[in-house]
Participant: 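One structure follows; several queries about it will come next.
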Amino acid sequence: MNLTISGHHLDVTPALREYVLTKLERITRHFDQVVDINVLLSVEKLKEKERRQKAEVTIHVKGKDIFAEQAHEDLYAAIDQLMDKLDRQVVRHKDKLQDHHHTSVKRIDASAA
């Protein structure tokens, strides 16, 4: 698995990198066929009082790219919300990959019971 964590208008500190890695463990626990993960952490300077922290993740799995982004005033809160979104998308993708066709259950006659 290739992992890239980069920052835009932001230095990615070791603590921030470790926080992202611990949150990504939840994704890889649900779905282990992840090929590539790109994380982009950025700060948007709209006005002096309105500094928005933004986190984006692109996950490349076999046959599909999954993208999620989240913005918040606090970067750690943005990462938390982003991983929740991403977790739901990965679980949904995993459910689609699984075969849900089951053989029908044979009915038991009422007289036999």
Side-chain angles (χ1 to χ4, degrees):
M1 175 179 78
N2 297 327
L3 175 64
T4 306
I5 301 175
S6 57
H8 189 251
H9 298 294
L10 171 76
D11 289 333
V12 180
T13 61
L16 199 55
R17 180 178 296 277
E18 189 65 33
Y19 189 74
V20 170
L21 287 173
T22 56
K23 292 296 181 174
L24 281 173
E25 286 177 6
R26 188 171 85 183
I27 305 301
T28 55
R29 189 176 350 129
H30 285 293
F31 192 66
D32 58 347
Q33 298 175 357
V34 177
V35 177
D36 193 21
I37 299 177
N38 292 322
V39 180
L40 177 64
L41 306 172
S42 62
V43 176
E44 294 179 357
K45 298 178 182 175
L46 300 174
K47 295 179 184 173
E48 277 192 36
K49 292 183 180 177
E50 296 181 15
R51 294 184 63 187
R52 243 182 20 194
Q53 318 286 329
K54 188 174 176 184
E56 302 176 11
V57 173
T58 305
I59 293 183
H60 178 70
V61 293
K62 185 178 175 185
K64 186 173 181 175
D65 285 339
I66 300 173
F67 176 77
E69 67 179 345
Q70 186 67 38
H72 197 270
E73 294 173 358
D74 181 29
L75 187 58
Y76 288 97
I79 292 170
D80 287 341
Q81 293 171 358
L82 174 73
M83 294 304 164
D84 291 340
K85 275 186 181 181
L86 199 60
D87 193 34
R88 286 191 300 269
Q89 288 184 10
V90 166
V91 168
R92 191 177 331 131
H93 176 68
K94 185 178 175 183
D95 287 344
K96 286 181 182 180
L97 289 179
Q98 291 176 347
D99 189 15
H100 291 290
H101 300 290
H102 299 286
T103 57
S104 62
V105 178
K106 295 182 180 178
R107 295 187 180 148
I108 300 173
D109 291 332
S111 59

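The basis for the numbers below is simple: all heavy atoms, side chains too, and nothing from hydrogens, waters or symmetry mates. Predicted model, so just to flag it, every value in this text is computed and none were measured.
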Participant: Considering all heavy atoms of both residues, which atom of V35 and which atom of K62 are nearest to each other, and what is their separation?
Facilitator: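 Here V35 and K62 meet closest at CG2-N, 4.4 Å.
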Participant: Below 3.5 Å, can you tabulate the donor-acceptor pairs from side chains in residues 10-19 to any protein atom, sequence neighbours excluded?
Facilitator:
unit_1 : atom_1 : unit_2 : atom_2 : d
T13    : OG1    : L16    : N      : 3.2
Y19    : OH     : D80    : OD1    : 2.5
Y19    : OH     : D80    : OD2    : 3.0

Participant: Once rounded to the nearest 0.5 Å, what's the spacing between atom CZ of R88 and atom CZ of R92?
Facilitator: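 The distance works out to 8.0 Å.
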Participant: If you compare all heavy atoms of A77 against all heavy atoms of H72, which two are closest, and at what distance to 0.1 Å?
Facilitator: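 Where A77 meets H72 most closely, the heavy atoms are CB-ND1, 3.5 Å.
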Participant: Should L3 and V20 be marked as a side chain to side chain contact (heavy atoms under 4.5 Å, CB included) after you check the CA-CA gap, both sets of side-chain angles, and the distance that decides it?
Facilitator: CA-CA 11 Å; L3 175 64; V20 170; 5.8 Å; no
Participant: Only one of L86, I66, L24, I27 forms a side chain to side chain contact (heavy atoms under 4.5 Å, CB included) with I37, so which one is it?
Facilitator: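 Running side chain to side chain contact (heavy atoms under 4.5 Å, CB included) over L86, I66, L24, I27 with I37 returns exactly one hit, L24.
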Participant: Are L82 and V91 linked, directly or through intermediate hydrophobic residues, by side-chain heavy-atom contacts shorter than 4.5 Å (ILVMFWY only)?
Facilitator: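 Per the 4.5 Å side-chain linkage, V91 and L82 are not co-clustered.
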Participant: Pair F31, L97 - check side chain to side chain contact (heavy atoms under 4.5 Å, CB included), show working.
Facilitator: CA-CA 11 Å; F31 192 66; L97 289 179; 3.8 Å; yes
Participant: Quick one: closest heavy-atom pair of A55 and I79, and the distance?
Facilitator: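 Smallest interatomic distance, heavy atoms only, reads CB-CG1, 4.2 Å.
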Participant: Hey, mind stepping through V61 and Q33 against side chain to side chain contact (heavy atoms under 4.5 Å, CB included) and telling me if it holds?
Facilitator: CA-CA 6 Å; V61 293; Q33 298 175 357; 5.7 Å; no
Participant: For the hydrophobic clusters of this structure (ILVMFWY residues joined by side-chain heavy atoms under 4.5 Å, transitively), does one cluster hold both M83 and L21?
Facilitator: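 Cluster IDs for M83 and L21 match.
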Participant: Quick one: side chain to side chain donor-acceptor pair (under 3.5 Å) partners of K85, sequence neighbours excluded?
Facilitator: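 In terms of side chain to side chain donor-acceptor pair (under 3.5 Å), with neighbours along the sequence ignored, K85 is linked to Q70.
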Participant: For E69, give me all partners under side-chain contact (heavy atoms from CB on, under 4.5 Å), at least two apart in sequence or on another chain.
Facilitator: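 E69 satisfies side-chain contact (heavy atoms from CB on, under 4.5 Å) with K54, E56, F67 once adjacent residues are dropped.
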Participant: Grab the two heavy atoms, one from A78 and one from A71, that are nearest each other, plus how far apart they are.
Facilitator: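 Looking at all heavy atoms of both residues, the shortest contact is CB-C, 4.4 Å.
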Participant: For N2, which residues count as a side-chain contact (heavy atoms from CB on, under 4.5 Å) partner, sequence neighbours excluded?
Facilitator: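 Residues passing side-chain contact (heavy atoms from CB on, under 4.5 Å) with N2: D36.
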Participant: Not counting sequence neighbours, which residues clear side chain to side chain donor-acceptor pair (under 3.5 Å) with R26? List them please.
Facilitator: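 By the side chain to side chain donor-acceptor pair (under 3.5 Å) rule, R26 matches D84.
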Participant: For H30, which residues count as a side chain to side chain donor-acceptor pair (under 3.5 Å) partner, sequence neighbours excluded?
Facilitator: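 Applying side chain to side chain donor-acceptor pair (under 3.5 Å) to H30 gives D87.
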